[in-house]
Chemist: 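Okay, here's the structure, questions in a sec.
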Protein chains: 2
Amino acid sequence: MRDALKEITQLDDNTWQVFNNVITETSLQKGDLLVYPGQVCRHIYFLETGLLRSFLHQEGEERNVAFTSENAFVTDLKSLRSGQPTELTIQALEQSTVLQLAKTDLMRLYHESHQIETFGRQLLEALLEAREEYATWFTLHSAKERYELFSQKYPSLLQRLALGHIASFLGIRRETLSRIRHLK
Amino acid sequence: MRDALKEITQLDDNTWQVFNNVITETSLQKGDLLVYPGQVCRHIYFLETGLLRSFLHQEGEERNVAFTSENAFVTDLKSLRSGQPTELTIQALEQSTVLQLAKTDLMRLYHESHQIETFGRQLLEALLEAREEYATWFTLHSAKERYELFSQKYPSLLQRLALGHIASFLGIRRETLSRIRHLK
DNA sequence: AGGGCTGTGTGACAAAAGTCAAAAAATAAA
DNA sequence: TTTATTTTTTGACTTTTGTCACACAGCCCT
């Protein structure tokens, strides 16, 4: 995790130790849930190894809204901030190891350390930029083009994810993605 | 602007003054551009009065990706962070007054004041939450449903925006939105 | 009042994507 | 390996949305 953090901001040894003290490691088997719908999300998570998906229920179907792969952060920001129960499920698609950091600890750390607050801001900037790009996929591109963008941006996920999971993330049906694949 | 900031975080008088010193006011006529495609975006903007749209060019068409109404912040995050020329245009749809804050000043303020860094983080959290919600409109909902969500969430914009601008933001054609409107 | 201008509505048709059902293929389990 | 289970593919058909052409309304302007 420290290496991943260095990509975002510089933390000195002392600050890293403070961070390290409040982190706990969890292990997930394939299929296990990290965030349960109906409960309040009280942590942010850092995925060390494995693969996660975040999904919502809509008309009896599961709709994926995000994938998280190694060395990335994930949480349910809405529930985390509001303290309201989440509608989101976060599930391991592969056996995964996750570091978790409680909101209460994070808030305290933000307050105590300007350096950690800077890290938080920079992480959020990167996440926002990514979400803005994802949103433009839908306003600017067709289903086929969205699949091509996905293939370019996440070529490794293309192998690891089931076709149905990708389709859902792209806002189309499995059958449609299957056809798109076999056109070209 | 101070009142709007209070909604996000608490700034003491001193910090507010520091902020205030680096802000300059600009006025825009209807149709004027705030961010020009091909140039680097070097400011964040706070809209005091008026209405802005952010759009991209795609296949000879303009596609709206965001609207900004009174007392909200806007910028091109991607260009601001990378220093690369933007593809985005930000344009006034009504006569508007805008406060602008240079990236260089903001970076200095972030560094000098933990309180301002906290403000930045909290603002980004709110923006990210909003973008996440917007993205789910496309994975979860049909064109008609997206229009209903837009109507609920931004009833005032419904009056102020041309139908074509809304359609573009919802990822559909003007004709389709016109038909959706006349169905119910 | 009579042009331009811009934005909106309508119709006929084409293309894209969704639906449902069933077969084929790939995985996992026994 | 054989059987079960899940995932992907295919086909026929429906619905939704896009495309193009043009009519219509509102508004500003002189």
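This is a predicted model, so every value here is computed, not measured. Letters A, B, ... mirror the listed sequences (proteins, then strands); counts begin at 1.
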Chemist: Distance only, no hydrogens: is a donor on one side chain within 3.5 Å (strictly under) of an acceptor on the other, for B/R63 and B/Q58?
Modeler: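 Their side chains do not contain a donor-acceptor pair, so the 3.5 Å distance test is not met.
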Chemist: How long is the line joining CZ of B/R179 and C1' of D/dT16, in whole Å?
Modeler: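 The answer, rounded to whole Å, is 11 Å.
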Chemist: Rounding to an integer number of Å, can you tell me how far A/L177 CG sits from D/dT8 P?
Modeler: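 It is 9 Å, rounded to the nearest whole Å.
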Chemist: How long is the line joining NE2 of B/H141 and P of D/dT16, in whole Å?
Modeler: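 So the two atoms are 17 Å apart, to the nearest Å.
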Chemist: Reckon A/S178 has a side-chain N or O less than 4.0 Å from the OP1 or OP2 of D/dT8?
Modeler: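 The answer is no; no side-chain N or O of A/S178 sits under 4.0 Å from OP1 or OP2.
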Chemist: List in chain and number order the residues that pass salt bridge (charged side-chain N to carboxylate O under 4.0 Å, His left out) with A/R173, two or more places apart in sequence or in another chain; answer none if no residue qualifies.
Modeler: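 Once residues adjacent in sequence are excluded, the partners of A/R173 under the salt bridge (charged side-chain N to carboxylate O under 4.0 Å, His left out) criterion are A/E61.
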Chemist: Who passes side-chain contact (heavy atoms from CB on, under 4.5 Å) against A/E132, sequence neighbours left out?
Modeler: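 In terms of side-chain contact (heavy atoms from CB on, under 4.5 Å), with neighbours along the sequence ignored, A/E132 is linked to A/L128, B/L77, B/R131.
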Chemist: Ignoring backbone atoms, test whether B/R173 places a side-chain nitrogen or oxygen under 4.0 Å from the OP1 or OP2 oxygen of D/dT19.
Modeler: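 The answer is yes; a side-chain N or O of B/R173 sits under 4.0 Å from OP1 or OP2.
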Chemist: Sorted by first residue and then second, give each salt bridge (charged side-chain N to carboxylate O under 4.0 Å, His left out) pair with at least one member in residues 10-33 of chain B; sequence neighbours left out.
Modeler: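 Residue pairs passing salt bridge (charged side-chain N to carboxylate O under 4.0 Å, His left out), neighbours aside: B/R2-B/D13.
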Chemist: Give, ordered by number, those residues of residues 157-169 of chain B having at least one heavy-atom distance below 4.0 Å to an atom of DNA chain C; if nothing qualifies, reply none.
Modeler: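 Listed by number, they are B/A162, B/L163, B/G164.
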Chemist: On DNA chain C, which is the earliest and which the latest nucleotide, 5' to 3', with an atom closer than 4.0 Å to a heavy atom of chain B?
Modeler: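 Terminal contacting nucleotides, 5' to 3': C/dT8 to C/dA12.
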Chemist: Atom CD of B/E175 and atom P of D/dC20: how far apart are they, to the nearest Å?
Modeler: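 In whole Å, D/dC20 P and B/E175 CD are 10 Å from each other.
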Chemist: For the helix from C/dA1-D/dT30 to C/dA30-D/dT1, how many degrees between its two end axes (five pairs per end), to the nearest 10°?
Modeler: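 About 40° separates the two local helix axes.
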Chemist: Check the distance between D/dG18's P and B/E61's CD and give it to me in whole angstrom.
Modeler: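 It works out to 11 Å between those atoms.
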Chemist: Once you round it to whole Å, what is the distance between C1' of D/dA25 and NE2 of B/H182?
Modeler: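 The answer, rounded to whole Å, is 12 Å.
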Chemist: In terms of side-chain heavy atoms, does A/H57 have a donor or acceptor partner in A/E62 at a distance below 3.5 Å?
Modeler: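 Their side chains do not contain a donor-acceptor pair, so the 3.5 Å distance test is not met.
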Chemist: For A/K103, look at atom NZ and say whether over 12 heavy atoms of other residues, nucleotides or ligands are found less than 6.0 Å away.
Modeler: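 Enclosed: over 12 neighbouring heavy atoms sit under 6.0 Å from NZ of A/K103.
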